[in-house]
Every structure is written in structure tokens, then in C-alpha cells.
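Report on the following structure.
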Amino acid sequence: MRVSHLFGTTLREAPGDAEVASHQLLVRAGYVRQLAAGIFSYLPLGQRALLKIARILREELDAIGGQEVSLPVVHPAELWQATGRWYEIDDTMARFQDRRGRDMVLAMTHEEVVAQIASTEVQSYRQLPILVYQIQTKFRDELRSRGGLIRVREFLMKDSYSLDRDHEGLQRQYDAHYKAYLEIGHRAGLTLLPVLSDVGMMGGKVAHEFMYVTAIGEDSLVRCSACDYSANLEVARFDRGDAPDEAPKPIERVHTPASKTIAELSSFLGVEPARTGKIVFFMGTFPDPSKERLVVAIVRGDMDANPIQVQRHAGALALRPARDEEIEEVGAVPGFASPIGIDRSGAVVVVDELVAMSPNLILGANEPDYHLLNTSCGRDYEADVVGEIATAFEGASCPECGETLQLIRGVEVGNIFQLGTKYSEALAAYYTDEDGEEKPIVLGSYGIGLGRLLACVAEEHRDERGLALPVSVAPFEVSLVSLAKSGETAAAAEDLYERLRAGGIQVLFDDRDASPGVKLNDADLQGMPLRLLVSERSLKAGGAELKRRTESEARLIPLEDVVDAVRAEIAALEAELASGVA
RNA sequence: CGGGGCGUGGCUCAGUCCGGUAGAGCGCUGCGUUCGGGACGCAGAGGUCCCCGGUUCAAAUCCGGGCGCCCCGACCA
């Protein structure tokens, strides 16, 4: 490709609305252009990088037995009604009606379609296991897109679906994906951290996310400083230690004016926040009576409630913070609340394990400016559910080994879910087993966002001059820069371009009539891993100068050896990626 | 959905407070001189000042409404 005719130019300055480095660089280098909030066009450089990533994904998925398919983007609503997700998922799922008034959705994911096809295509255990995948556009109307390509609304996703007889088969395909995802990261030049994660809208039991650890990440993660425990903060556990060895004391009502928050209360009473209890009110949506019910979560005052865990323990489909009126309706007083003496009909009280075993905590008295000393769960009030609902925190004890947990941030590049039979049962995807019995197919679901992966690679592989992409992802292997002043030099550059291309090398040829500074800076910005420079000076010295984007010193290569030298350098770069030097 | 910021040639922005009929740098076009890390001179092109309405002799500027984009938050009672 010639830079003189490349669709998409470089920009000296990043658009004012780009804050994240990868976003700024990908725009400045001419890889992407934004069309609307969270909606991007990929220019030739960006598209070629995506295709490189797609190639890695295809190779790794094929290697674990994947069969590529292409599933529809538009689905009839009935499919999603059958599994219930039509009702469970909010406006993140884009819906519309076709000209006949039939409800349709833009697919966010394809479990339904895969299960529906499986219901007719898979009849016998002899056909299993099966793994299908596709690389396809998804649309999710997120509340807010952010970080350039990090969180967008329309994006390319590799999604795969495993079909198995039983859980052992699922586990095998799940493990295969786990390994493949780490390998995909390596090949793209990224170290991915697998973390335990919430199953979210997918349902199922076990799930991992593959995180690129970075300060700009939107997910909070917990990682043990000693062992290999790591989890998304949403599901992170921690060791709460032993119950305080303390006899319950009689309950006592105290005047606590203007002490609505834990901080105010503990400073007014001169006690540690750990001596208090924190009440958090939610409104939960429940499956049975489709009415909202109050969910009362209680954690120790020095900790925070984890809404995902509260939701799970309460058995709710969704949670939102309760409004003051809703809290007052049951007789609780915001700022001075406790479960003691409130109307609990219809409400669910979820208590953190630590609170359940800690006597003598300070809770609200459910009247303004009063609290209760020495409350104890089980004596003064009962819990509907006791569970681990407090959020893990920096310095908490690891649930596996007891050492200190660290809080870090990451971007979710991929995820893997053990779905089980939820979708196959809903869509009648059954097979006949050896024993002649009809059984639901056991499903797994696995995703990787291509654009997000590219953004993470750009985030990781860059410097003050621009992108410095790994050879596996870069749109071209080498930038050929001609600083020709004379026709002879230009001809030599043209000749090199032809020979490199004939040699099967992907080359971006800067044939423009621009000043050396412009061309060299653009080559650095665009970030191809190798740069080959031809000029009067280099020819006089005996050839062309070859250098890596990440190094400052160039090597002089005789013209006749250039193709071999470039090829060798590409091979070296690929080998380094494979061995994890990247 | 709450809070904050922004919307002016392709890009980055000034001008808005205090109304008088649109500017700069970069980029682009032509000519010339330059030529190894974003060169210089001369000449030029390019703008519904986000949209609609209002006030006014006069609106990029003031008022009302809308749209779009970015950032933070959307559990901590």
C-alpha cells in the first residue's frame, strides 16, 4: 500500500474528545474514525489490524476444534422470549419492529440462535462434542460508551459456543478455551489475567474474564499478593477472620444528633466504624410476583455492600438503589435505619456473615437522631439470608491463602461461561444419549472483543512517538520510507517496494513528496514493527537502513539482501512473541 | 438517569462575559526555494459559527427549547 493513496491520513493533533492514549493514537495514526458515541469506522490500517487479530482467533479456535459459522444479526423476539431474556435485559438490547409489526432484536450475543439450531441439527450423543464460532458485529446500547475503543456500542466479537453431552465435556471445552485465550493474548502481545467473574445476563454457574491489567480499566479486580487467586471485585471473596469473642450486651438507645453517616456516627460516639453496622436499601425485581420488593443489606460499618452479591443472595433479577419514600414506607428512617422494628412483610433482609457473627454492633433506632448500641443478629432481628455480601477491599485477607489482597483495574478482553442447560431446555435442544434417554445439550459460551483487544494492544505497545505494534497485529510488517530527492533514488525505492511485495512481505510504502521529518514521524506514529529507509545517503553508504520500531539504531542492508533481511527480522519478531518476550 | 464540560473551515482552538456581521495555528491547492526527525517564501481556496424559535435596527455572542459529543457518578442511608 502506498501512503500517498492511503484512505485515512495522520493527524498532528488528537481530537479534543479523545482522552485515552490508545484512542488518541488510533485516531491520529488513521486507524479509526468516530461516527457517533461508541460507534467507530475502521479505516484500512485499522481494518487490517482487526483482520490480523481475526486470523489469530481463527487459528486458535480451529486448533481446539472450532467450526466457523455466521449467524444472523437480526433475531425474532420469540427466540429471546423463549429464554426469558427478552424480559430480563434492559434497553441495552436494541429492539425494533419490522414492517409487519413483528418484534425483532439486534443480537447482543447468540446463545439463543445456537440452541435453536442445535435443537434440529443435534440428535445423538455421537455428534458431540461440537464447537462453533463466528466473528461478527454485535450491538449493545450501553448506558455510556467510554475510553475510545474500550467500551463501544457496536463492535466485532468472536463468540464461540460449545455443545456437550455432560458437564465433564463442558469442562474440557471450557479449559480448552481458557488455555486458548491466554495463548491469543500472548500472540497479540498482551498478558491477560484470568479472573473469576459474575455470570451476569448469561446465567450459568462458572465464568472467567480475561483481563488486560491497566489503570484505565473500567473493571475493579482483586488479586492475591501471594497465591494465584484473582477475581472481579463483583464476585471477589475474602477471609473475614474469626468472630469477635465477646458476650452480647443489653441493647441500649442513644441520642446521636446529626449522625447520619458511618463517619459521623463513629466520630460522634468515639468508636471504630467496625463497631457499627451499615444498612443499604435496594429495590429488587423478583421472578415470582413481578413486583419490586425492598432488599435490606447489612454489612459491617467499615465495609461496603456488594450489589452483585446482595442481588444473588436475595434471589433478585435486578437491583436498584431504593428511594427515601420506599425506605420510609416500611418504617425505616434513612440515616438512622436498622431492620429492628420495621415492617418486613415482602422485604428481604440479607446479612453479611461477619455481621451475623458479630455481637454488639451499633445500628439505627429507626427514629431521627437515635441509634441502638449492642445489637446482635439472631437476638434483636433475624436475617432472611446470611452470606458474603461485603465487597472485598485493598488489604483484605485472601480467601484461599490468607495473604493480602490487592485492588487493581483491568479491561475485560474476553470471557468464558459455563452455561449448562438453561438455553437448551428453553429451546428444546435435546439429544439422545447412549441409554436412549433424551437429555438437554450442555452449553458453554465464550467471547472476545476484537476492537477492544486492538485498543488494549495499542495501550500496551506505544511510546511518546506513537504506536509500536507487535508484528502479529500491525497492519503491515514494514514501513518503507523513501527520502528520495532524485529520480534514481526514487526508482530504487520503487524497486524495493516491488521486491518486498513479490517476496510476500506486507509493506506500507511512503512514496509521498514530503519532508523527511513528516515521513519519519508518520512512520513512528503508524507503528509498523519494522522501518526500512532508502535515501541518497543510505544508497551511498551501500543500501537501505532497517530498524525496529522499538529500537533506535538501524542496520545498513545491501539492496540485494533487503528482502531476506526483512523476512528474517519478521521471523525474529514472531519468535519473540511466541516465547513471550513481547 | 444525576453532575460537570463542550459544540466556530478537514484538525486543534480564540472570539461569547460586554451584540456591530468571523479569526489564528496546523492541514489543503499553485509556484519557487529547501530536503535525514513535523522546512521557508509568495499567492490562494475553504465556514448553514450544532438545530429551531425568540429579543433586537443588528445575534457566533443575549433568552427559551431541542440535538449531539466528552468526562465523572449512578450501593455506602
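Here is how names work: the chains are called A, B, and so on, in the same order as the sequence lines, proteins then strands, and each is numbered from 1. All values below come from the heavy atoms of this structure, side chains included, with hydrogens, waters and symmetry mates left out. The structure presented is a predicted model; accordingly, all values stated were derived computationally and were not measured.
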Below the 4.0 Å mark, does [N] have OP1 or OP2 next to a side-chain nitrogen or oxygen of [X]?
| X | N | answer |
| --- | --- | --- |
| A:Gln309 | B:C75 | no |
| A:Ser515 | B:A39 | yes |
| A:Arg12 | B:G27 | yes |

Pairwise [atom1] distance for [N] and [M], with rounding to whole Å:
| N | M | atom1 | value |
| --- | --- | --- | --- |
| B:C51 | B:G7 | C1' | 11 Å |
| B:A60 | B:G27 | P | 30 Å |
| B:U56 | B:U12 | C1' | 34 Å |
| B:A14 | B:G23 | C1' | 7 Å |
| B:A43 | B:C6 | P | 37 Å |
| B:G38 | B:U21 | P | 40 Å |
| B:A59 | B:G20 | C1' | 10 Å |
| B:A45 | B:C28 | C1' | 8 Å |

Of the listed nucleotides [options], the one nearest the side chain of [X]:
| X | options | value |
| --- | --- | --- |
| A:Arg28 | B:C69, B:G38, B:G37 | B:G38 |
| A:Leu143 | B:A74, B:G37, B:C71 | B:A74 |
| A:Ala305 | B:C75, B:G38, B:C35 | B:C75 |
| A:Val518 | B:C70, B:A77, B:A39 | B:A39 |

Return the nucleotide paired to [N]: Watson-Crick means purine N1 to pyrimidine N3 with N6-O4 or O6-N4, wobble means G-U with N1-O2 and O6-N3, both under 3.5 Å.
| N | result |
| --- | --- |
| B:C26 | B:G10 |
| B:U33 | B:A39 |
| B:C69 | B:G5 |

Contact class for [X] (heavy atom, under 4.0 Å): base, sugar-phosphate, or nothing?
| X | answer |
| --- | --- |
| A:Ser145 | sugar-phosphate |
| A:Arg33 | nothing |
| A:Leu533 | base |
| A:Glu19 | sugar-phosphate |
| A:Ala36 | sugar-phosphate |
| A:Asp324 | base |
| A:Leu520 | base |
| A:Arg465 | base |
| A:Lys278 | base |
| A:Ser538 | base |

Distance, rounded to the nearest Å, where [X] contributes [atom1] and [N] contributes [atom2]:
| X | N | atom1 | atom2 | value |
| --- | --- | --- | --- | --- |
| A:Ile39 | B:G68 | CD1 | P | 12 Å |
| A:Leu483 | B:G38 | CG | P | 12 Å |
| A:Ile279 | B:C75 | CD1 | P | 18 Å |
| A:Arg409 | B:C72 | CZ | P | 9 Å |
| A:His23 | B:C11 | NE2 | C1' | 14 Å |
| A:Leu525 | B:G37 | CG | P | 18 Å |
| A:Leu11 | B:G38 | CG | P | 19 Å |
| A:Asp17 | B:C13 | CG | P | 9 Å |

State whether the distance check finds a donor on one side and an acceptor on the other, under 3.5 Å, for side chain A:Arg146 versus base B:G73. no

Less than 3.5 Å between a donor and an acceptor, one on the side chain of A:Arg531 and one on the base of B:G37, is that the case here? yes

List the steps and the verdict of side chain to side chain contact (heavy atoms under 4.5 Å, CB included) for A:Asn232 and A:Leu196. CA-CA 6 Å; A:Asn232 193 307; A:Leu196 290 164; over 6 Å; no

Is there a side-chain contact between [X] and [Y] (heavy atoms, below 4.5 Å)?
| X | Y | answer |
| --- | --- | --- |
| A:Arg300 | A:Arg240 | no |
| A:Leu6 | A:Gln526 | yes |
| A:Arg379 | A:Ile251 | yes |

Looking at A:Arg465, A:Arg512, A:Arg531, which hits salt bridge (Lys or Arg N to Asp or Glu O under 4.0 Å) with A:Asp522? A:Arg512

Take A:Lys519 and A:Phe282, find for each the nucleotide of RNA chain B with the closest heavy atom, and name the residue whose nucleotide sits nearer the 5' end. A:Lys519

Let me know, please, whether A:Ala14 or A:Glu545 comes out on the 5' side of the other along RNA chain B by nearest nucleotide. A:Ala14

Side chain to side chain contact (heavy atoms under 4.5 Å, CB included), that's the test. Do A:Leu372 and A:Asp380 meet it? Break it down for me. CA-CA 11 Å; A:Leu372 300 173; A:Asp380 305 313; over 6 Å; no

Pair A:Phe96-A:Leu106, side chain to side chain contact (heavy atoms under 4.5 Å, CB included): steps then yes or no: CA-CA 8 Å; A:Phe96 66 99; A:Leu106 285 186; 4.1 Å; yes

I need the minimum non-hydrogen distance between A:Tyr381 and A:Ile340, along with the two atoms involved. CD2-CG1, 3.8 Å

